[in-house]
Each structure stands twice: as C-alpha cells, then as structure tokens.
**Student:** 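Please read through the structure below; I'll follow up with questions.
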Amino acid sequence: MSEEELIPLDPGFGERFAREKRPPCQLYLISPPVLGDDFADTLAAALDGGPVAAFQLRLKGGDADVLRWAAALQPVCAARDVAFIVNDRADLAKACGADGVHLGQGDGSVADARALLGREAQIGVTCHASRHLAMEAAEAGADYVAFGAFYDTTTKPSEHRPESSILTWWTTISQLPCVAIGGITAANAAPLVAAGADFIAVSNAVWGDPRGAGAAVAEFAAVLAS
C-alpha cells in the first residue's frame with residue numbers, strides 16, 4: 001500500500017484504542033557532523049549527565065575518519081552501557097564492531113545489513129513522515145523506525161514534517177520502538193514523548209548547549225522523567 005492509499009491520520013487516533021504500556025522514553029544522541037579533538041571527553045561528559053540509550057556516529061568525513069573516531073568513542077559508550085550505532089554504512093558498522101547501523105532510505109536494505117551484521121545487531125531505518133515506509137521497515141526486520149523531522153533543524157535539514165500523531169499511530173499498531181528526530185530540544189520534546197516516542201534523538205541541542213553537554217543531557221533526563 002502506498003502512502004497515498006493510507007487514510008489521513010485523525011489527530012485523536014490514539015484516544016480510540018488502548019495502547020500497551022511501553023518503557024519510558026529514552027535519549028538517543030547523534031554526533032555532530034564534524035568532531036573536535038576533545039570530543040571523546042565531550043561525549044563522556046554527556047553520557048555522565050544522565051541516562052542515554054544510544055549514541056550514533058554520523059560524520060561527514062570519509063571511511064578512515066569514521067573508523068578512527070569509532071575506535072576512540074566506542075570504549076566511552078561501552079563503559080556506560082550505551083549502544084554504539086554507525087550511520088548509513090553497514091560495512092563500516094561491521095568493520096568497527098558497532099552495536100548496529102542506522103539506514104537512510106538510500107543506504108541499502110535491512111536484509112543485507114542483517115546478513116552482514118548478524119541477528120544481535122540493532123538496525124534502524126529512517127521513515128521520514130511515511131507510515132508506509134515504517135511498515136515496510138518492520139516487515140523487513142528492522143529493530144526500530146525513525147520519524148522526522150518534527151521541528152526545524154539545521155543539523156540535517158529535512159522537507160518531511162510528520163505530525164506527532166504518527167508516533168501515537170505507530171505505538172498503537174506496533175511493538176517495534178520508534179524514534180522521533182529533528183530539531184528536538186528539552187523545551188519542545190514533551191509533546192513527542194506524550195504522543196508515544198520510545199526514543200528522542202537529539203544532536204545540536206546537546207552539543208551546542210553553552211552550559212555543556214552534560215548539563216543538556218541532565219535537562220533532557222528531567223523532561224523524560226516527568
């Protein structure tokens with residue numbers, strides 16, 4: 001079924017159905033596109049600021065840059081039991097022994113990534129504002145789906161603007177976790193958490209916080225716990 005064939009979502013969709021209780025929403029950090037020499041220390045400070053479920057390495061650099069930073073950052077994540085995810089490239093995730101990979105729509109199939117990385121790998125898929133893409137990802141065996149961008153963002157600009165109701169719809173029909181992404185801050189995260197996001201993915205709101213990454217994560221922790 002194509003996106004055009006799906007009936008538009010009623011904003012009150014979730015109110016008509018009983019949703020199963022899910023674990024509390026968690027924080028999913030995404031790296032800046034370019035990392036400074038002290039980023040391993042910055043990441044450690046962020047992870048020590050409050051609970052973080054996963055960290056995604058998303059760089060503009062080439063393969064060698066990704067592998068170099070993976071070697072530096074994986075131990076930081078492993079010491080704190082934070083999943084280490086590589087963006088876009090299942091082959092690089094394999095090469096550095098990452099916990100998983102996040103695939104965009106042009107980054108290859110879930111099946112190929114699963115064959116390469118194994119059953120235990122965490123494989124996420126970008127689904128933009130598309131219920132159709134999310135259902136396809138689930139059927140293909142993804143471990144989570146990501147919707148966004150919910151708000152304006154300069155980190156990775158997107159023309160897609162889903163309504164928060166897509167999170168409610170997803171958590172009503174599927175047990176597979178969903179990630180909300182795009183311009184999310186501690187000030188605007190609450191509606192997405194209330195709508196059903198299992199994870200909130202953030203980047204600049206943490207790394208660009210003048211108080212420091214640890215303070216930013218602590219603020220998100222307070223929002224997610226409320």
Side-chain angles (χ1 to χ4, degrees), residues 26-40 42-44 46-47 52-130 132-149 153 155-160 176-182 198-204 206-207:
Q26 300 180 75
L27 193 61
Y28 183 139
L29 294 184
I30 298 177
S31 76
V34 178
L35 307 183
D37 292 339
D38 62 347
F39 185 75
T42 301
L43 176 60
L47 301 186
V52 176
F55 169 76
Q56 182 189 131
L57 184 61
R58 185 169 75 187
L59 297 181
K60 289 183 177 178
D63 294 7
D65 201 34
V66 172
L67 294 175
R68 176 174 68 87
W69 276 111
L73 301 178
Q74 277 180 281
V76 177
C77 292
R80 295 159 176 82
D81 197 27
V82 174
F84 184 84
I85 307 295
V86 171
N87 187 52
D88 291 349
R89 296 278 299 277
D91 57 337
L92 292 182
K94 176 71 172 181
C96 69
D99 296 305
V101 65
H102 183 86
L103 302 175
Q105 285 299 311
D107 298 327
S109 70
V110 172
D112 287 344
R114 182 69 67 199
L116 182 64
L117 300 177
R119 291 185 300 174
E120 299 303 314
Q122 296 294 306
I123 300 176
V125 178
T126 294
C127 299
H128 302 303
S130 172
H132 174 63
L133 291 177
M135 289 187 288
E136 283 191 334
E139 290 170 0
D143 294 289
Y144 69 85
V145 296
F147 298 108
T153 173
T155 304
K156 190 175 182 181
S158 170
E159 63 185 19
H160 304 282
L176 202 69
C178 63
V179 177
I181 189 171
D198 296 295
F199 298 89
I200 295 291
V202 300
S203 184
N204 189 57
V206 167
W207 315 121

**Student:** Please tabulate, for side-chain N and O atoms in residues 133-143, each donor-acceptor pair with protein atoms closer than 3.5 Å (sequence neighbours left out).
**Tutor:**
unit_1	atom_1	unit_2	atom_2	d
Glu136	OE2	His132	NE2	3.2
Asp143	OD2	Arg114	NH2	2.8
Asp143	OD2	Ile123	N	2.8

**Student:** Using the side-chain hydrogen bond (donor to acceptor under 3.5 Å, both in side chains) criterion, which residues pair with Asp63? Sequence neighbours excluded.
**Tutor:** Arg89

**Student:** Taking atom CG of Asp107 and atom CG of Asp112, what is their separation to the nearest 0.5 Å?
**Tutor:** 12.0 Å

**Student:** Which heavy atom of Val52 sits nearest a heavy atom of Ala46, and at what distance?
**Tutor:** CG2-O, 4.5 Å

**Student:** How long is the straight-line distance from CD of Gln56 back to OG of Ser203, given to the nearest 0.5 Å?
**Tutor:** 9.0 Å

**Student:** Quick check: closest heavy atoms across Phe147 and Ser130, and the distance to 0.1 Å?
**Tutor:** CE2-O, 3.8 Å

**Student:** Taking all non-hydrogen atoms of both residues into account, name the closest pair between Ala70 and Leu57 and its distance.
**Tutor:** N-CD2, 3.9 Å

**Student:** Identify the residue among Pro177, Cys178, Cys127 that makes a side-chain contact (heavy atoms from CB on, under 4.5 Å) with Tyr144.
**Tutor:** Pro177

**Student:** Quick check: does any side chain N or O of Thr126 sit under 3.5 Å from a backbone N or O of Ala146, one acting as donor and the other as acceptor?
**Tutor:** no

**Student:** Can you tell if the side chain of Pro33 reaches within under 4.5 Å of the side chain of Leu59, non-hydrogen atoms only?
**Tutor:** no

**Student:** At their closest point, which heavy atom of Ala72 faces which heavy atom of Ala40, and how far apart are they?
**Tutor:** O-CB, 4.5 Å

**Student:** To the nearest 0.5 Å, tell me how far Ile200 CD1 sits from Leu29 CG.
**Tutor:** 12.0 Å

**Student:** In terms of heavy-atom contacts, does CG of Asp38 have more than 12 from other residues, nucleotides or ligands at under 6.0 Å?
**Tutor:** yes

**Student:** Which heavy atom in Ala113 sits nearest to a heavy atom in Ala90, and how many Å separate them?
**Tutor:** CB-CB, 4.0 Å

**Student:** Could you work out, with side chain to side chain contact (heavy atoms under 4.5 Å, CB included) as the rule, every residue matching Ala201, not counting sequence neighbours?
**Tutor:** Tyr28, Ile30, Val179, Ile181

**Student:** State, to 0.1 Å, how close Gly61 and Val66 come at their nearest heavy-atom pair, and which atoms those are.
**Tutor:** O-CG2, 4.4 Å

**Student:** Nearest 0.5 angstrom please: Cys77 SG to Ile85 CD1, how far?
**Tutor:** 9.5 Å

**Student:** Could you tell me whether Lys94 and Asp91 make a salt bridge, using a distance below 4.0 angstrom between a side-chain N and a carboxylate O?
**Tutor:** no

**Student:** Out of the candidates Val76, Val206, Leu35, Val82, only one should pair with Leu43 under the side-chain contact (heavy atoms from CB on, under 4.5 Å) rule; please name it.
**Tutor:** Val76

**Student:** Is there side-chain contact between Trp69 and Ser31, with at least one heavy-atom pair below 4.5 Å?
**Tutor:** no

**Student:** Is the closest side-chain heavy-atom distance between Leu27 and Phe199 below 4.5 Å?
**Tutor:** no

**Student:** Going through the distances and angles, do Phe84 and Leu73 end up as a side chain to side chain contact (heavy atoms under 4.5 Å, CB included)?
**Tutor:** CA-CA 8 Å; Phe84 184 84; Leu73 301 178; 4.0 Å; yes

**Student:** Give, for atom CG of Asp99 and atom CD of Gln74, the distance between the pair rounded to the nearest 0.5 Å.
**Tutor:** 7.5 Å

**Student:** Answer whether the closest heavy-atom distance between the side chains of His102 and Gln122 falls below 4.5 Å.
**Tutor:** no

